[in-house]
Amino acid sequence: MKFICGVIDLAGTLDTESTVSAMCQSLDSPLRPATMQRWNSGRAAMATLDFAPQFTVGPNILTTASGNTLCGDLRLDGTEIPVTSFPQKLRPVPREDEAQTAAAILEQPGPNAARTLYGDFACALWKPGSDELLLVRDAMGVRPLFVATTGSAILFASLARGILASGLVERRLNLGNFAAELTRDQRAQSSLFHGIEAVEAGTVWHWKAGSAARHRYWKPTSQPQRHTTPEQAAAELRFLVEDAIQSRVPQQGPVGAHLSGGLDSSTVAILAARTLSSQNRRLAAYSFLPDPRDTEAVADSEMPYVAAVLEQEPSIDSVPIHASENSELDARCHIDALVPLQSDHPENAVCNDAMQRGISVILSGWGGDEGITYNGRASLADALVHGRWGYLAREVRSMRRLRGLSYKNILAGNLVGPILGESRLKRLKRLLGRGDEDRKKFFLPSLLRNMQKEVDIQTVASVRKNQLALLQSPHIPNRNVKWATFGAHYGIAFVFPFLDRRLVEFSLSLPPVWQLRDGYRRRVFRDAMAGILPERIRLRHDKLQPFPPSSPRAKKLNAAQSLARFEDLAAHPTMAELFDISKVRAAITEQQDEDKPGHKAAIGEVFSAGTFLKSFR
């Protein structure tokens, strides 16, 4: 894991060395201190924090022959793909040449130069000769990067707290962004703080002549079909998946991975374990599992599928992570995201165990659902509106045979939403009394009116439009910031092979009718993983709860305890700028509508906000 930060002095009044020192201190891990590399020219200063320097071959900061300086958090897979290449092989970049390669490409004229870079990266290129700064983030936003401009400086850092630590930007919450984060609304990439913005995924942020511009050098778009048969597609996909995973396995040291028992995480864990096994190394696989004593939760968990992977792959060490039995009343949060700090939180428990084992990288299958393992949502509706009647009839019959569903349930579940439209469907459910309570019910109306417009992601009767909407939504890069925030406390990097740009582009070349075939969703991926995944996983249709609920023995709060906790949180002055305090107090006191998930969620947002505000100083 690496972080970067830097400052450009615009007014000639800053001590750039001390500014970057303060930024580095805020970004460093209290549990696994980083090795720092710094560069300073007087007017500009930059630094990198390397939490696994034993794996770094080349420099993290490099001054080129042109006099430009690159500061990078880089893991490059390669550069552009030769036109005649099949399967899609990249021109590889040796680890020791990554900084030099990135600098040479970004020095090229034109805003699209970064398009030839493949991998996970966030970097800055300072050009003193032309007084320009380029900030670049990888295509899928795996590596975070934030920027702020003031009258006296430009500041950038991997996490917003690095910019706040400079003392040049006011530590003031953007209440609209904060409320959106609480309610999990999909809004444009941003930070929780006024004056700090995210460098968006696949974007070059360019400052020159006193003004900043943003250029999207890459975004998901429909790709030309690359194969004539599903079998050919499966063969290439297998190669790409294996390469994406192998390229992210560190060459030395222990390695961890998530293992839920689903298609994505099982594939990543199995192929990573096989790569390590060939080097006489083992993989630590982390599974979120219920307490074995909770028989009801065990029966509805992923345990049998996790067990199938462990039985097949003897080089995997299983590390079960059980739901906490402790109350989260005194939880603290990071200031970069609504991410809890308490050690018994499941993801923190993973990171803590990994740190104790010396693990610096945890591989995850997260991100596959939007891309290469997209489930073909609205395939039947797509077929209906485009007149593919034979395909529609065959798939309905296959789904009925494989899953034992009635024709009525298949058609209602796959056609009504996409064709009617989710907005109309939600309104219809509310009219019928089946809709959830509003998660935003306790927020002040004035705040809701001023919130940034939500990115509307609705399922429509088009497979490709649905997939593009998911891939272009801010959900993926925003979630990557949360993963980075989790790992930052422990000096651990989360990496996501299924967010590999080649895999994303490949997924967008598959015809819609290949996504759902013979009753199986994700069919091309399932075919590609024959002989890799255990059959009970490769051919499964269900997906159980990968994050089990807290143990029934966990401490439960009655109305009086909840109210006391709320009064403590409500004392923070910002709470009154967010919520109707009297309305929340009345709801807690009366314990209204406890069985409605929307009500519980709305109360949860209030407590999450208060917990964060207590942590934020």
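This one's a predicted model, so the numbers in the text were calculated from it and none came from an experiment.
- No side-chain heavy atom of V199 sits under 4.5 Å from any side-chain heavy atom of F146.
- Remark: R214 engages E197 in a salt bridge, criterion side-chain N to carboxylate O under 4.0 Å.
- Here the shortest heavy-atom pairing between I588 and S562 reads CG2-CB, 3.7 Å.
- Scanning all heavy atoms of the two residues, the minimum distance from L283 to G256 falls at CD1-C, 3.8 Å.
- Counting only heavy atoms from C-beta outward, the side chains of W218 and T203 never approach each other to under 4.5 Å.
- Counted by atom type alone, E347 and H258 present one or more donor-acceptor pairs between their side chains at under 3.5 Å.
- The aromatic rings of F3 and F51 stand perpendicular to each other, their planes meeting at an angle above 60°, with 30° marking the opposite boundary.
- Note: W205 CH2 to L134 CG = 9.5 Å, rounded to the nearest 0.5 Å.
- Side-chain contact check for N174 and S190: no donor-acceptor pair (N or O, by modelled atom type) lies under 3.5 Å.
- Distance check, rounded to the nearest 0.5 Å: CG of L447 to CZ of F178 gives 10.5 Å.
- W39 places none of its side-chain heavy atoms less than 4.5 Å from the side chain of L62.
- Between the side chain of H334 and the backbone N or O of D336 there is no donor-acceptor pair closer than 3.5 Å.
- Judged purely by atom type and a 3.5 angstrom limit, S608 has no side-chain atom pairing as donor or acceptor with the backbone of E605.
- Using a 4.5 Å cut-off on side-chain heavy atoms (C-beta onward), T48 and M36 make no contact.
- Proximity of a side-chain donor or acceptor of N480 to a complementary backbone N or O of M140 within less than 3.5 Å is detected.
- In this structure a side-chain-to-backbone donor-acceptor pair under 3.5 Å is present from K583 to K441.
- When only modelled atom types and interatomic distance are considered, T19 and S166 share no side-chain donor-acceptor pair under 3.5 Å.
- Put simply, CG on D369 and OH on Y374 are 10.5 Å apart, with the number rounded to the nearest 0.5 Å.
- We find that D138 and R501 are not joined by a salt bridge, their nearest charged nitrogen and carboxylate oxygen being 4.0 Å or further apart.
- In this structure, the side chains of S364 and V495 stay at 4.5 Å or more apart for every pair of heavy atoms.
- Of the candidates L135, L117, L145, L70, C123 forms a side chain to side chain contact (heavy atoms under 4.5 Å, CB included) with just one, namely L70.
- Annotation for G6 and V20: closest pair CA-CG2, 4.3 Å, computed over non-hydrogen atoms.
- Donor-acceptor pairing under 3.5 Å is recorded for the side chains of T56 and D50.
- None of I372, V268, T267, V249 except one satisfies the side chain to side chain contact (heavy atoms under 4.5 Å, CB included) rule with P497; the exception is V268.
- There is a side-chain donor-acceptor pair under 3.5 Å between D580 and S582.
- Taking every heavy atom of both residues into account, G151 and L10 meet most closely at O-CB, 4.4 Å.
- In this structure, F486 and W483 have tilted ring planes: the angle between them lies in the 30° to 60° band.
- Ion pairing between a basic and an acidic side chain is recognised when a charged N comes within 4.0 Å of a carboxylate O; R585 and E567 show such pairing.
- With respect to D73, the salt bridge (charged side-chain N to carboxylate O under 4.0 Å, His left out) criterion is satisfied by exactly one of K2, R143, R137: R143.
- A salt bridge links K482 to E181: at least one charged side-chain nitrogen sits closer than 4.0 Å to a carboxylate oxygen.
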- In sequence, state the C-alpha distance, the side-chain angles, and the governing distance for R95 and R75, and then conclude on side chain to side chain contact (heavy atoms under 4.5 Å, CB included). CA-CA 8 Å; R95 287 286 175 254; R75 193 205 59 77; 3.9 Å; yes

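- Atom CD of Q37 is separated from atom CG of N60 by 5.5 Å, given to the nearest 0.5 angstrom.
- When atom types are taken as modelled, the side chain of R216 and the backbone of A201 share a donor-acceptor pair closer than 3.5 angstrom.
- Residues F566 and F607 form a side-chain contact, since some pair of their non-hydrogen atoms from C-beta on lies under 4.5 Å apart.
- Ion pairing between a basic and an acidic side chain is recognised when a charged N comes within 4.0 Å of a carboxylate O; D120 and R248 show such pairing.
- When side chains are defined from C-beta on, V504 does not count as touching F498, because their heavy atoms never get closer than 4.5 Å.
- When all heavy atoms of D77 and G119 are compared, the pair lying nearest together is OD2-CA, 3.4 Å.
- Counting only N and O atoms by type, the side chains of N352 and Y490 include no donor and acceptor under 3.5 Å apart.
- M46 has its side chain out of reach of N40: every pair of non-hydrogen atoms, C-beta onward, lies at least 4.5 Å apart.
- The heavy-atom pair separating S266 from V309 by the smallest distance is OG-CG2, 3.7 Å.
- Separating the CH2 atom in W207 from the CH2 atom in W126 is a distance of 6.0 Å, to the nearest 0.5 Å.
- With sequence neighbours excluded, no residue forms a ring pair (Phe, Tyr, Trp, His ring centres under 6.0 Å) with F121.
- Salt bridge present: E17 and R38 bring a charged side-chain N and a carboxylate O closer than 4.0 Å.
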